[in-house]
Amino acid sequence: MENMNTNRTILPMMALSDIPESKPDAKEIVALVKESGKVSGYKLSDGQILNKEEGVEAAKQGDIKGVGVATRKGNEYLKSLPDGREDNNLSSLPAVTGLQDKG
């Protein structure tokens, strides 16, 4: 059984192109910003809203914890770091519509 749990963690990690080291004051993603059902950005624990590109760059700089960078069809996006739990995956987070909160 232990081997199965290890595989559940290792295989998703291989899908990540970058796993940045988080700074001590890094924020968490608390909601996904969606437009027409697709993720267009991320709402952080300090209330800040970033579009996808800003979120990827912030994660690469260590400003967002618990995520890695993945690439699909040449586009970078954030994925939760696999830890064996489903409740803290980005796909389990609430969604907000558009970037209306962006100041």
Side-chain angles (χ1 to χ4, degrees):
M1 285 302 252
E2 186 177 332
N3 192 25
M4 280 181 59
N5 287 338
T6 303
N7 284 341
R8 266 190 219 139
T9 305
I10 292 173
L11 293 175
M13 291 290 266
M14 292 172 56
L16 298 172
S17 58
D18 189 10
I19 304 171
E21 187 170 333
S22 301
K23 295 177 183 173
D25 62 346
K27 310 296 184 277
E28 292 181 335
I29 295 174
V30 296
L32 299 177
V33 178
K34 291 191 174 184
E35 293 178 21
S36 303
K38 295 187 180 226
V39 175
S40 62
Y42 310 98
K43 183 172 184 178
L44 304 183
S45 52
D46 66 355
Q48 185 179 10
I49 298 219
L50 304 176
N51 66 34
K52 272 174 101 169
E53 294 79 16
E54 292 167 334
V56 167
E57 193 54 40
K60 287 181 177 182
Q61 298 300 316
D63 294 327
I64 301 176
K65 62 182 167 183
V67 297
V69 179
T71 305
R72 180 185 304 137
K73 297 181 183 174
N75 298 313
E76 291 182 314
Y77 63 98
L78 298 180
K79 284 187 68 142
S80 301
L81 294 178
D83 61 3
R85 291 176 43 205
E86 295 290 326
D87 63 327
N88 63 352
N89 290 349
L90 293 182
S91 60
S92 299
L93 295 177
V96 294
T97 304
L99 295 176
Q100 75 274 10
D101 295 336
K102 190 165 181 165

Problem - Shortest non-hydrogen contact from Ser22 toward Ile64 - result: OG-O, 3.5 Å
Handout entry: Main-chain N/O of Val69 paired to Ser17 side chain as donor or acceptor, under 3.5 Å
Key = yes
Practice task
Determine, step by step, whether Leu32 and Lys43 satisfy the side chain to side chain contact (heavy atoms under 4.5 Å, CB included) criterion, reporting the C-alpha distance in whole Å, the side-chain angles of both residues, the deciding distance to 0.1 Å, and the verdict.
Solution key: CA-CA 6 Å; Leu32 299 177; Lys43 183 172 184 178; over 6 Å; no
Exercise for the section: Find the distance between CD1 (Ile29) and OG (Ser80) and round it off to the nearest 0.5 Å. Expected result: 7.5 Å
Practice task
Please round to the nearest 0.5 Å and tell me the distance separating atom OG of Ser45 and atom CD of Glu28.
Solution key: 5.5 Å
Problem - Backbone of Ser92 reached by a side-chain donor or acceptor of Asn89 within 3.5 Å - result: no
Exercise for the section: Kindly compute the distance separating CG (Leu93) from CG (Leu90), expressed to the nearest 0.5 Å. Expected result: 5.5 Å
Handout entry: N/O donor-acceptor pair under 3.5 Å between Glu54 side chain and Asn51 backbone
Key = yes
Handout entry: Close side-chain approach of Tyr42 and Ile49, heavy atoms under 4.5 Å
Key = no
Handout entry: Shortest non-hydrogen contact between Ala26 and Gly62, atoms and distance
Key = CB-O, 3.4 Å
Handout entry: Taking every non-hydrogen atom, the tightest pair across Lys23 and Asp63
Key = NZ-OD1, 3.0 Å
Handout entry: SB check Lys60 Asp18 (cutoff 4.0 Å)
Key = no
Fill in the blank from the handout: Nearest heavy-atom contact between Leu50 and Ala58 is CD1-CB, 4.0 Å
